[in-house]
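One structure is given here, and the rest of the page talks about it.
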Amino acid sequence: MFVVTLCAFPAAPPTAPSASKQLMNKMESSVGEWLRLIFSHVHFPMFVVAFSINITVNSAFIVLLNEIVLFTFPGHQVDVGYMGAVVLVMGGVCVFIVGKCLDWTKKYYLSSVIICGLGMVSVALFSAVVQFQKHISVVYVAVALIGATLTPFQGVAYEYAIEMTYPLPEGTSAGIMNMASQVLSIAVIVGMGVLISNRWIFAANWMMTGLTFLCVVLTAFVRPDLKRHKLDT
């Protein structure tokens, strides 16, 4: 497949698929100039932080789910494995649904705020359930809601960032977002790991809730023009 793709497929189609892509193809700038232009968009750095927080909470939740659940429900290792599968399935289904809705409506701001808000509610519910609820079935519901609300934000965020940094290359903006999210994820997971190792499980849970609240606030203040969408329409 690699050889066939390399030999038979052109590097790019003869005509651009959209007016926005045609304009981007005409741009010739260095990486340094692209970075300068990207960060000249006042909304983009704020949105990078919001995106990084979402990825961080999602990553920390997956990585530390075993320790968090087993602290309150010892002996339920099998259930934790099933919970991880529930997160993946719910995330995959909801990513598809949200992506289709975004294609139809182009409501980037509204979609981002709603998804972030639902993510905050889901993480808060999970934190409360783990701390106060003694039925493992309720934890399954909270975990499913987290998978359904945190994961879809990533796809929306990439599209939203492309809109606000247009006509700069999508790869540059996406690369910055991924780099920032990885750095923050490492720092937060290490910090939460320290809390959990000292048996401050509930503090770690509410720390995730506080981060999702900050994500909602930052996303609510991001109101850029949809430049690519305006050109294509």
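Below, each value reflects all heavy atoms present in this structure, side chains not excepted, and no hydrogens, waters or symmetry copies.
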Examine distances only and state if a side-chain atom of Asn54 and a backbone atom of Ala50 form a donor-acceptor pair shorter than 3.5 Å.
-> no
Tell me, do Lys106 and Glu163 make a side-chain contact under 4.5 Å, heavy atoms counted?
-> no
Thr151 side-chain N/O to Ala148 backbone N/O, donor-acceptor pair under 3.5 Å | no
Judged by atom type as modelled, is there a donor-acceptor pair below 3.5 Å linking the side chain of Thr72 to the main-chain atoms of Val69?
-> no
To the nearest 0.5 Å, how far apart are OG in Ser173 and CZ in Phe44?
-> 5.5 Å
Check the hydrophobic clustering (I, L, V, M, F, W, Y; side-chain heavy atoms under 4.5 Å; chains of links allowed) and say if Phe213 and Val57 are grouped together.
-> yes
Value for CD (Gln154) from CG (Asn58), rounded to nearest 0.5 Å, stands at 5.5 Å
Val138 vs His135, side chain to side chain contact (heavy atoms under 4.5 Å, CB included): CA-CA, chis, key distance, verdict | CA-CA 6 Å; Val138 183; His135 298 285; 4.0 Å; yes
Short side-chain to backbone donor-acceptor contact, Ser127 and Asn205, under 3.5 Å = yes
Centroid-centroid under 6.0 Å between Tyr82 and Tyr140 rings | no
Aromatic ring proximity, centroids under 6.0 angstrom, Tyr160 and Tyr109 | no
For Ile201 and Glu67 the tightest heavy-atom approach is CD1-O, 4.3 Å
Under 3.5 Å, is there a donor-acceptor pair between the side chain of Asn178 and the main chain of Ala174?
-> yes
Residues Met177 and Ser52: closest non-hydrogen pair is O-OG, 4.2 Å
Is Ser111 reaching over with its side chain to a backbone N or O of Tyr108, donor-acceptor style, under 3.5 angstrom?
-> no
